[in-house]
Amino acid sequence: MDTTYIVKNSKNSYILKKYERETGKKVQTEQALLKHLFTCKLNTPQFLEEKNGWYLYSKLQGSMPKNIQLFHIRALARFLAQFHTVSKDFTDASPFLNAYNISSMLDFVKKNHFYYYKKLCSLQNLRQKNEGFIHGDIFKDNTLFHKNNIAVFDFIDGGLGEFAFDASVALLSFNPKNRQLYTKMFLTTYNQKRNKKITTAKLQKQRNIAANFYALLRINHDKKTKRAKEMYSAF
């Protein structure tokens with residue numbers, strides 16, 4: 001949805017981005033968040049400068065994972081635990097759900113894909129607690145791995161929400177078949193790093209919500225249901 005280039009000089013590589021959406025406030029929020037995360041030593045991009053609507057960021061090391069292994073799950077859990085620990089104090093942002101007109105999206109599904117509407121209509125009453133800033137979109141294509149270290153980027157669509165939802169979204173991509181071993185490893189690692197724990201029951205509840213939420217987004221974006229079906233491999 002945004003124009004992105006990798007640019008290089010003799011020493012370093014960078015990400016050059018132009019946002020194609022009306023995201024002025026979101027860009028400012030992301031820049032402030034990245035500055036906060038950098039000072040907390042999380043492996044996220046640094047915002048460097050802006051000129052004529054083009055934004056320059058540091059480029060992170062690594063490659064996107066293909067075959068997920070346990071060390072990916074542990075790295076993901078460590079990152080999210082650390083991220084949630086520091087993002088709970090970052091409150092200068094809009095609620096995550098405010099960016100989405102769920103009623104309008106449900107109306108489209110009801111009219112065009114009624115079978116899915118019956119699955120998704122419970123989202124009409126979706127609300128989230130404000131526990132702090134969440135990424136909300138940590139799918140594999142928003143991560144890089146270098147050895148055992150994870151890097152996460154594209155916080156532009158994040159906002160204030162629930163940490164268990166944030167974790168559940170990530171597991172939809174990193175553990176799509178809902179393997180018990182992977183879920184257990186994630187929770188054990190995450191809960192070791194944070195005082196505020198996530199229970200198995202809460203994670204599973206939020207996982208179901210996250211699967212429905214992203215199925216709704218995909219149906220409205222694609223105008224068909226093919227990619228929405230991927231979300232239900234988690235059940």
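For reference, positions follow the sequence shown, starting with 1. Computed from a prediction, not measured in an experiment: that's the story for all the values here. For the numbers below, each heavy atom of this structure counts, side chains included, while hydrogens, waters and symmetry mates do not.
Note that CG of N101 and CG of L97 are 11.5 Å apart. Values are rounded to the nearest 0.5 Å. Of the inter-residue distances, the one linking L171 atom CG with L80 atom CG reads 8.0 Å to the nearest 0.5 angstrom. Put simply, CG on N98 and CG on L160 are 9.0 Å apart, with the number rounded to the nearest 0.5 Å. Within the model, atoms OG of S87 and NE2 of H36 stand 7.5 Å from one another, a figure rounded to the nearest 0.5 Å. Between L203 atom CG and Q206 atom CD the span is 8.5 Å, to the nearest 0.5 Å. With values rounded to the nearest 0.5 angstrom, L34 atom CG is found 9.5 Å from F47 atom CZ.
Side-chain atoms of D166 do not come within 3.5 Å of backbone N or O of I134 as any donor-acceptor pair. A donor-acceptor pair is defined here as one N or O able to donate and one able to accept, closer than 3.5 Å; such a pair exists between the side chain of N9 and the backbone of K11. In this structure a side-chain-to-backbone donor-acceptor pair under 3.5 Å is missing from Q128 to G161. Between the side chain of N220 and the main chain of M105, a donor-acceptor pair closer than 3.5 Å is present.
By the rule that hydrophobic residues join a cluster once side-chain heavy atoms approach within less than 4.5 Å of another member, M64 and I68 end up as members of separate clusters. One hydrophobic cluster, built from ILVMFWY side chains closer than 4.5 Å, cannot hold both L144 and V7; they sit in different ones. Hydrophobic cluster membership is shared by F83 and I156, with clusters built from Ile, Leu, Val, Met, Phe, Trp and Tyr side chains linked at under 4.5 angstrom. Neither I6 nor L16 shares a network with the other; the hydrophobic side chains, linked directly or stepwise wherever heavy atoms of I, L, V, M, F, W or Y lie under 4.5 Å apart, form separate groups for each.
Looking at every heavy atom in both residues, I150 comes nearest to A75 through CG2-O, 3.5 Å. In this structure, C40 and V86 approach most closely via the heavy-atom pair SG-CG1, 3.7 Å. Here the closest non-hydrogen pair linking K140 and K66 is NZ-O, 3.7 Å. Residues S168 and A210 come closest through the heavy atom pair CB-CB, 4.2 Å. Listed here is the closest heavy atom pair of R227 and R218: O-NH1, 3.1 Å. Annotation for V109 and L120: closest pair CG1-CD1, 4.3 Å, computed over non-hydrogen atoms.
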Query - Verdict with supporting geometry, Y55 and Y19, ring-ring contact (aromatic ring centres under 6.0 Å, His included) - result: CA-CA 8 Å; Y55 296 83; Y19 295 98; 5.4 Å; yes
Report task. Check step by step if side-chain contact (heavy atoms from CB on, under 4.5 Å) holds for I138 and L76. Result -> CA-CA 9 Å; I138 302 183; L76 175 68; 4.1 Å; yes
Requested in this report: Apply the test side-chain contact (heavy atoms from CB on, under 4.5 Å) to residues F153 and T44: give CA-CA distance (whole Å), side-chain angles for both, the deciding distance (0.1 Å), then the verdict.
Outcome: CA-CA 6 Å; F153 50 92; T44 55; over 6 Å; no
Query - Trace of the side-chain contact (heavy atoms from CB on, under 4.5 Å) decision for K202 with E162 - result: CA-CA 11 Å; K202 186 171 186 179; E162 291 191 40; 4.2 Å; yes
Requested in this report: List the steps, then state whether side-chain contact (heavy atoms from CB on, under 4.5 Å) holds for T143 with F79.
Outcome: CA-CA 11 Å; T143 66; F79 177 90; over 6 Å; no
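In D92, the CG atom is not crowded: 12 or fewer heavy atoms of neighbouring residues, nucleotides or ligands sit closer than 6.0 Å. Around atom OH of Y14, more than 12 heavy atoms belonging to other residues, nucleotides or ligands sit under 6.0 Å away. Atom CD of Q124 sits in a crowded spot, with more than 12 heavy atoms from other residues, nucleotides or ligands closer than 6.0 Å. Shown here is E50, whose CD atom has more than 12 heavy atoms of other residues, nucleotides or ligands within 6.0 Å. Enclosure of atom NZ in K223 by more than 12 non-hydrogen atoms of other residues, nucleotides or ligands within 6.0 angstrom is indicated.
Under the side-chain contact (heavy atoms from CB on, under 4.5 Å) rule, F155 has a single partner from D137, T29, L37, which is L37. Just one residue in the list F133, F163, F90, F165 forms a ring pair (Phe, Tyr, Trp, His ring centres under 6.0 Å) with H84, and that residue is F163.
Side-chain contact between F186 and N175 is absent, with no heavy-atom pair separated by less than 4.5 Å. Contact of the I73 side chain with the T183 side chain is not registered, since no non-hydrogen atoms from C-beta on lie closer than 4.5 Å. Looking at L216 and L106, their side chains come closer than 4.5 Å, going by heavy atoms from C-beta outward. The shortest distance between side-chain heavy atoms of Q204 and R207 falls below 4.5 Å. In this structure, V152 and N43 have side chains that are not in contact, with every pair of non-hydrogen atoms separated by 4.5 Å or more. Using a 4.5 Å cut-off on side-chain heavy atoms (C-beta onward), Y5 and K17 make no contact. L48 is not listed as a side-chain neighbour of Y57, based on a closest heavy-atom distance of 4.5 Å or more. Two residues are said to be in side-chain contact when any heavy atoms from C-beta on lie closer than 4.5 Å; L56 and I15 fail this criterion.
Side-chain contact, Y190 with R194: a donor N or O sits under 3.5 Å from an acceptor N or O.
You'll find the ring centres of F174 and H72 outside the 6.0 Å limit.
Both the sub-6.0 Å distance and the 45° axial angle are not jointly satisfied by R74 relative to the ring of F71.
Residues K18 and D2 are not paired through a salt bridge, judged by the lack of any N-O separation under 4.0 Å between the basic side chain and the carboxylate.
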